[in-house]
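Okay, structure first, notes after.
Numbers here simply count residues along the sequence, with the first being 1. Atoms within a ligand are numbered from 1 in the order they appear, just like the ligands themselves.
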Amino acid sequence: MLDAGFTGRGERMVNSQALLSVRDLRKWHELKRGLFGRVDYVKAVDGVSFDLKRGEAVSIVGESGSGKTTLGKTILRLYKPTSGVILFDGIDVTNLKSRELREYRRNVGFVQQDPFGALAPFMTVRQILEEPLIINKIKKRERIKRIRSSLEEVRLTPVEDFINKYPHMLSGGQQQRLVIARAIILNPKLIIADEPVSMLDASVRIEILTLLRELQRRHNLSVIYITHDLSTTRYFSEWIYIMYAGKIVEKAETGEVLSKPFHPYTRALLNATPDPDPKNRFVMRDVPPGEPPSLANPPKGCRFHPRCIYMKKGLCDKKEPPEVEVERNHLVGCWLYA
Ligand code: SF4
């Protein structure tokens, strides 16, 4: 795959093996309240740090309202970070503006949750795929080549059968393939896929995840897969990060998290995953009561404490737990292990 290149003038960092490094990233949305315009904040992302190597995929998993979509959009720089640092390919992209920001975004493809909403209904497949190429001043001959090859990559073939269709003439799975074709057409290094299969029929979900996995391996892409469904991560990623109320509470390799979850919230998420084995249909599983907290007023101490059956009064409700390495490369933020 051709390299889209990156010529941003941000600070160049040395010795970074990771394609993406996120350090203590915060995104607080302003929320005006009351007659006197007192400003409060929705702390959607509140101190997130991680590294992602080239060619690796990470799943960011959490319930609705955990901040995972905001994290993806902040990394993509659709939102300006409140604080923290985002390093991409050794360059600080946290505060890039205009032209340099556009160049950064060429390197990061985005796959949205709702494929139909993500596609302009009045544009044909050709126009949808050609638009980012025109914006990035790719010559006509090269544009035609890239449109054809990206449609072949996502298996919307024969190309002639799709090229002049409008989005409403495609099935949900085909629309999502088109969104993926648009995400890869500028030859990015990183793909951020935000719940890419949650609006699709069960029968096409695995197809789309398998397609993303194939593209990742073929082009050595790094991928951030954002999902609420832990069961789909086994098809996809090397790493799982569990997010709750704006923070990452557990990080480990995929097999580790699925077979040996440590954090009570991760265990609850696994318990909430439907078990297809009919023998277990009457087995009652522990699922925590209540809803995720409001991010405008998150609980003190551990944010999971109002729902946690292991909560230690005077500790969990007062002090935020530190992140500890419970096993090699397996990090957990919980007082049970600190
Ligand atoms: Fe539960 Fe306390 Fe651990 Fe939070 S820190 S998950 S409340 S045991």
Side-chain angles (χ1 to χ4, degrees), residues 22-28 40-51 58-71 82-84 225-234 237 239-275 283-338:
V22 173
R23 289 288 172 274
D24 207 18
L25 189 67
R26 287 186 166 75
K27 178 59 198 172
W28 295 3
D40 285 329
Y41 295 94
V42 174
K43 297 174 181 175
V45 176
D46 202 15
V48 166
S49 300
F50 67 89
D51 289 326
V58 60
S59 295
I60 298 185
V61 187
E63 290 165 288
S64 303
S66 60
K68 56 192 190 308
T69 293
T70 304
L71 175 61
T82 305
S83 65
Y225 169 53
I226 295 169
T227 180
H228 65 276
D229 185 358
L230 250 183
S231 64
T232 57
T233 57
R234 72 180 74 233
S237 55
W239 296 90
I240 293 180
Y241 299 165
I242 305 290
M243 200 161 173
Y244 186 78
K247 290 183 178 289
I248 290 177
V249 296
E250 184 157 5
K251 292 180 196 169
E253 285 180 24
T254 297
E256 277 276 305
V257 172
L258 296 177
S259 62
K260 252 193 288 175
F262 279 86
H263 197 283
Y265 178 60
T266 312
R267 287 191 218 147
L269 277 180
L270 275 169
N271 280 345
T273 306
D275 185 344
V283 176
M284 295 301 288
R285 298 196 285 173
D286 285 335
V287 177
E291 302 276 325
S294 157
L295 295 175
N297 189 20
K300 275 210 178 108
C302 168
R303 293 184 175 185
F304 188 57
H305 84 256
R307 303 172 75 190
C308 181
I309 53 173
Y310 305 102
M311 196 267 277
K312 292 183 195 164
K313 249 190 166 327
L315 178 64
C316 298
D317 55 346
K318 294 273 183 306
K319 287 172 82 177
E320 192 173 316
E323 192 178 66
V324 288
E325 191 168 22
V326 287
E327 285 186 4
R328 195 165 175 271
N329 292 329
H330 195 147
L331 297 157
V332 182
C334 171
W335 281 115
L336 290 177
Y337 312 101

For this session: Taking atom types as modelled, find out whether Y337 and E325 have a side-chain donor-acceptor pair closer than 3.5 angstrom.
Result: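 No - no donor-acceptor pair under 3.5 Å links their side chains.
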For this session: Please check if any side-chain donor atom of T233 sits under 3.5 Å from a side-chain acceptor atom of S59, or the reverse.
Result: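 No donor-acceptor contact under 3.5 Å links the two side chains.
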For this session: Not counting sequence neighbours, list each pair that qualifies as a ring-ring contact (aromatic ring centres under 6.0 Å, His included) and has a residue in residues 305-331.
Result: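 Residue pairs with at least one partner in residues 305-331: F262-H330.
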For this session: Kindly write out the residues that satisfy ring-ring contact (aromatic ring centres under 6.0 Å, His included) with W28, not counting sequence neighbours, or none if the list is empty.
Result: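 W28 satisfies ring-ring contact (aromatic ring centres under 6.0 Å, His included) with Y41 once adjacent residues are dropped.
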Exercise. Quick one: ring-ring contact (aromatic ring centres under 6.0 Å, His included) partners of Y241, sequence neighbours excluded?
Worked result: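 ring-ring contact (aromatic ring centres under 6.0 Å, His included) list for Y241, sorted by chain: F50.
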Exercise. How many protein N, O or S atoms sit closer than 2.8 Å to atom 4 (Fe) of ligand 1?
Worked result: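 Near atom 4 (Fe) of ligand 1, the number of protein N, O or S atoms below 2.8 Å is 1.
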Exercise. Are any of the side-chain heavy atoms of K313 and K318 separated by less than 4.5 Å?
Worked result: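 In short, these two side chains do not touch, never coming nearer than 4.5 Å.
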